Number of protein chains: 2
Amino acid sequence: MTDGVVERSRPRDRILETARDMFHKHGIKGVGVDAITEAAGTNKMTLYRHFESKDDLIVECLRANAAKAGAMWDTFEAEHPGDKLAQLHAWVRKAAAMLNTDGRGCDMANAAAELTEPDHPARRVIKELKEAQRERLVGLCRDAGIGQAELLADTLSLLFEGARVSVQTVGAEGPSTQFVRMAEGLIVSFRGTAAG
Amino acid sequence: MTDGVVERSRPRDRILETARDMFHKHGIKGVGVDAITEAAGTNKMTLYRHFESKDDLIVECLRANAAKAGAMWDTFEAEHPGDKLAQLHAWVRKAAAMLNTDGRGCDMANAAAELTEPDHPARRVIKELKEAQRERLVGLCRDAGIGQAELLADTLSLLFEGARVSVQTVGAEGPSTQFVRMAEGLIVSFRGTAAG
DNA sequence: CTAGGGTGTTACCGGTCTGTAACTTCCAGC
DNA sequence: GCTGGAAGTTACAGACCGGTAACACCCTAG
């Protein structure tokens, strides 16, 4: 078991953290609540005292993931204060780094692939959080002075999403190795036509 | 139940077809063998006479999917014989059409998201089939006289893959609506630098 | 008509799943 | 030291899972 995040903290936090890790590694339907609580060093009753159901736990995990991703954006601003173009390049580098360090794709995309029920509570939060991320990337492109900010942001976003999928299907030595080149080329290309 | 593909044909074919449909709609772990056989108008014993295990059935479904996708490529050649560039544009149109008619992503990508065991038999065939598809797209780009054929093919491939994921997470009205524009723009751009 | 293979039926195995009940233990605040 | 709430423990319910055994059936090839 490499899933033993059992530091001493409040049981709810340990459950949430452990669940995030295990859902990410093994998929949502690939992990039972028993396995989560055991790895978290607690028990099932405690889980159900803090979360209404497994579905509720899933939703909370997705929100926690989004919060962590949001914190990543703040580091871009901190490292390149005011320089939006540099932040965009930082995003590209960070994205590429994730492709090489994590063989699993985006948790939200994976969750959407697994949870097919149209009215599953996770589906609406996935949509909501993905849309928020898109807004953030669009804003970055726009503030970087790029004309067709939406189009560039969407293109970069789809490229990254596709690269994560590609890593999961053919591995990190496949088409995803070209991600940085693709992304940087796109940014250059869009900057060229930036008739603001 | 909309999963009733119960035309009269040999049980093995019905099982395979039904399983493909149900795996696609509900995910692999979201469908049990009982549900498949019932929808296929047969029973579990017959399934296990034709397939070694559920995993074996999964693999056969993926291969059948790939075969169907392969047939699609043949229609491009049939509709635009010899004209590789026209075939490439046909691929773009076909890809875009799939984004609007099918809210679920690529079966292989979804399977890779669900089947996390590193040595799952499906993983190697997913990789193998995806690599074959890549070869086909690279070949098309190259025969269309595009200089950096591999890079264009990989870029288009990642874009499409990402668009399918996007449809699954935020819906068909999200960034995927721009797929054709992105793809066509890329082809134009790569054709411009086609220093053959 | 008959033989035999493909198919259908029923029942079952052992395991796992989410979720709950009833009870005990621990520990911090007063 | 006492108390109250949070956490742990055990057992269980009810459903579903993949997979198998034993047997009855039907339909076609000879």
Side-chain angles (χ1 to χ4, degrees), chain A residues 1 3-20 22-23 25-62 110-111 114-117 119-123, chain B residues 1 3-23 25-62 111 114-117 119-123:
Chain A
M1 289 293 175
D3 301 317
V5 189
V6 201
E7 317 123 31
R8 279 306 105 177
S9 54
R10 302 171 72 186
R12 188 183 194 280
D13 298 335
R14 277 180 293 155
I15 291 170
L16 200 57
E17 200 64 20
T18 307
R20 283 210 311 137
M22 295 183 75
F23 285 154
K25 286 181 187 164
H26 312 300
I28 290 175
K29 298 199 178 175
V31 178
V33 291
D34 278 310
I36 293 170
T37 55
E38 185 191 336
T42 176
N43 56 71
K44 196 155 50 170
M45 274 314 302
T46 301
L47 187 152
Y48 280 103
R49 285 191 194 106
H50 289 288
F51 303 93
E52 286 185 2
S53 62
K54 185 184 180 183
D55 283 348
D56 184 35
L57 175 61
I58 292 166
V59 167
E60 292 305 312
C61 284
L62 292 174
N110 289 345
E114 283 196 82
L115 309 174
T116 63
E117 305 95 320
D119 56 349
H120 192 288
R123 297 202 71 84
Chain B
M1 289 295 176
D3 301 317
V5 189
V6 200
E7 317 123 29
R8 277 306 107 177
S9 55
R10 302 170 73 186
R12 188 184 193 280
D13 298 335
R14 276 179 300 165
I15 290 170
L16 200 57
E17 200 64 19
T18 307
R20 283 210 312 138
D21 183 56
M22 295 183 75
F23 285 155
K25 286 181 186 163
H26 313 299
I28 291 175
K29 298 199 178 176
V31 177
V33 291
D34 278 310
I36 293 171
T37 55
E38 185 189 335
T42 177
N43 55 72
K44 197 155 51 170
M45 273 314 302
T46 301
L47 186 153
Y48 280 103
R49 286 189 193 107
H50 289 288
F51 303 93
E52 285 186 3
S53 62
K54 185 184 181 183
D55 283 348
D56 183 36
L57 176 61
I58 293 166
V59 167
E60 291 306 313
C61 284
L62 292 173
E114 283 195 82
L115 309 174
T116 64
E117 305 95 321
D119 56 349
H120 192 289
R123 297 201 71 86

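Naming convention: chains lettered A, B, ... in sequence-line order (proteins, then strands); numbering from 1 in each chain. Note that this is a predicted model, so its numbers are computed, not measured.
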| query | Is A:Glu17 salt-bridged to A:Arg14, cutoff N-O under 4.0 Å? | reply | no
| Taking for each residue the nucleotide of DNA chain C with the nearest heavy atom, is it B:Pro11 or A:Val33 whose nucleotide lies nearer the 5' end? | B:Pro11
| Atom NZ of A:Lys54 to atom P of C:dC17: distance rounded to whole Å? | 8 Å
| query | If you take atom types as modelled and just measure distance, does the side chain of A:Arg49 reach the base of D:dG5 with a donor-acceptor pair under 3.5 Å? | reply | no
| request: Could you tell me whether the side chain of B:Lys29 and the main chain of A:Ile28 form a donor-acceptor pair under 3.5 Å? | output: no
| message | What is the separation between atom OH on B:Tyr48 and atom C1' on D:dG19, rounded to the nearest whole Å? | response | 5 Å
| query | For the base of C:dG6, is there a side-chain donor-acceptor partner from B:Arg10 under 3.5 Å away? | reply | no
| query | Closer to the 5' end of DNA chain D via nearest nucleotide, is it A:His50 or A:Lys44? | reply | A:His50
| Between B:Thr46 and C:dG8, is there a side-chain N or O to OP1/OP2 distance below 4.0 Å? | yes
| message | Hydrogens and angles aside, do A:Ser53 and A:Asp56 bring a side-chain donor and acceptor to less than 3.5 Å of each other? | response | no
| task | Figure out the CD1/C1' separation between B:Ile36 and D:dC17, and round it to whole Å. | result | 12 Å
| Any B:Thr42 side-chain nitrogen or oxygen under 4.0 Å from OP1 or OP2 of C:dG8 | yes
| task | For the residue pair B:Val33 and B:Tyr48, establish whether any side-chain heavy-atom pair is separated by less than 4.5 Å. | result | yes
